[in-house]
Protein chains: 2
Amino acid sequence: MEQKTKTFERVKQIFRNYLQINDYRKTPERFAILEEIYSREDHFDAEALYIQMKSRDYRVSRATVYNTLELLVECDLVRKQQFGKNTTHYEKSFGSKQHDHMICDICGKLIEFCDPRVQQTKNMVHETFGFTVHHHALIIHGICKECQKEMNSAEH
Amino acid sequence: MEQKTKTFERVKQIFRNYLQINDYRKTPERFAILEEIYSREDHFDAEALYIQMKSRDYRVSRATVYNTLELLVECDLVRKQQFGKNTTHYEKSFGSKQHDHMICDICGKLIEFCDPRVQQTKNMVHETFGFTVHHHALIIHGICKECQKEMNSAEH
DNA sequence: ATAGTTGCAAAAGCTTTGCAGTATG
DNA sequence: CATACTGCAAAGCTTTTGCAACTAT
């Protein structure tokens, strides 16, 4: 709890600085959205965030949600992801190690994993193609252990 | 040219078999769409394919384009990709080595590359998480060599 | 004061769906 | 000749935009 508060304070400070430097205004809506995101655990999409804020009786518009998400992506406090659906997903990125995702095509579960080889691949493309790497997204589709087990036992 | 024709004959055969096995009908529209895709080079989205077919005076509906793309993805003749935009992109997959993509965030160029490390990562997640891997998508965002050069010279 | 932001609703863009007509097996 | 498939247009979803009202600086 105390750790969480501390994290949020730091995150808020980063956002404040970012807004300051770029001459953007520090509106209550922007900080409310940031707080909402950092009090959630998992991945979410814009609509879910909007609904969640409404359900907490915080009045924001979708437009502001989208606008603020863009700012947060720009200052690296939020990561934007496409998991093969038409909706964009987001996740907070401060304090969490760089990771990638597996998606179970049966139950939809999202599993995070880390693999240093991805970094090596990024180094490789820089050296081989002269490509300046900003960020990457690696998504592995398949069937998770649990669903696989269920399918196996269903065979009998 | 001759190679291309041969490739298309094999691809058509695969599609025919797939339709046969699943009791789907072999309609001229489906084969026309397959041919259109395999006569193109690069990546495309559903709308571009639709427009392209219209411009060749082949009458198809968007519904049929989407329906057929789904069938082609299912029989592995076409790969479906999300490149961080809201539109789904497709590319033919027969006869092309498994590869991943870099996207230049400045000019939008798509560059393909191969790296065996990705396969190792897939093996790793299978061993570590018991995850049955079906396929993956690795996208690297950044700035291509040419745009980088342009930006450097613009500094003076 | 003044211009960046917000909320709302309308519009835009991609994809799916319902239905009547058509053509495959 | 039964019914899967097609075309068309409408509907559905997510995201963007225009504009009047508001507010941070």
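If you're wondering where the values come from, they're calculated on a predicted model, not measured in any experiment.
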- Query: With no hydrogens and no angle check, do the side chains of A:His89 and A:Asp45 hold a donor and an acceptor under 3.5 Å apart?
  - Reply: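 No donor-acceptor contact under 3.5 Å links the two side chains.
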Provide, to the nearest angstrom, the distance between the [atom1] atom belonging to [X] and the [atom2] atom belonging to [N].
{"X": "A:Tyr66", "N": "C:dA10", "atom1": "OH", "atom2": "P", "answer": "18 Å"}
{"X": "B:Phe15", "N": "D:dC5", "atom1": "CZ", "atom2": "C1'", "answer": "12 Å"}
{"X": "B:Asn86", "N": "D:dC13", "atom1": "CG", "atom2": "P", "answer": "16 Å"}
{"X": "A:Ile33", "N": "C:dT6", "atom1": "CD1", "atom2": "C1'", "answer": "10 Å"}
{"X": "A:Glu47", "N": "D:dG12", "atom1": "CD", "atom2": "C1'", "answer": "13 Å"}
{"X": "B:Lys80", "N": "C:dC14", "atom1": "NZ", "atom2": "P", "answer": "15 Å"}
{"X": "A:Lys85", "N": "C:dC14", "atom1": "NZ", "atom2": "P", "answer": "19 Å"}
{"X": "A:Tyr50", "N": "D:dC13", "atom1": "OH", "atom2": "P", "answer": "16 Å"}

- Task: May I ask you to evaluate whether B:Thr88 reaches the phosphate of C:dC14, defined as a side-chain N or O under 4.0 Å from OP1 or OP2?
- Result: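 For B:Thr88, the contact criterion (side-chain N or O under 4.0 Å from OP1 or OP2 of C:dC14) is not met.
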- Message: Looking at C:dT6, I'd like to know if its phosphate oxygens (OP1 or OP2) sit under 4.0 Å from a side-chain N or O belonging to A:Arg30.
- Response: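 So the side-chain polar atoms of A:Arg30 do come within 4.0 Å of the phosphate oxygens OP1 or OP2 of C:dT6, strictly under.
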- Task: Inspect the contact between A:Lys12 and A:Glu9 and indicate whether a charged nitrogen and a carboxylate oxygen are less than 4.0 angstrom apart.
- Result: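 Looking at A:Glu9 and A:Lys12, the cut-off is met.
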- Message: Under a 4.0 Å threshold between the charged nitrogen and the carboxylate oxygen, would B:Arg62 count as salt-bridged to B:Glu47?
- Response: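 The answer is yes: the pair qualifies as a salt bridge.
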- Query: A:Thr64 or B:Tyr24: which one's nearest nucleotide on DNA chain C is closer to the 5' end?
  - Reply: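 Its nearest nucleotide lies further toward 5', so the answer is A:Thr64.
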- Query: Of B:Pro28 and A:Asn67, whose nearest nucleotide on DNA chain C comes first from the 5' end?
  - Reply: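 Its nearest nucleotide being more 5', the pick is A:Asn67.
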- Message: Heavy-atom count check: over 12 atoms from other residues, nucleotides or ligands less than 6.0 Å from A:Glu70 CD?
- Response: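 Check fails, neighbour count at 12 or below.
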- Message: Counting distance alone, no hydrogens or angles: does the base of C:dG25 have a donor or acceptor under 3.5 Å from a partner atom on the side chain of B:Arg25?
- Response: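 Under the 3.5 Å cut-off, the side chain and the base do not form any donor-acceptor pair.
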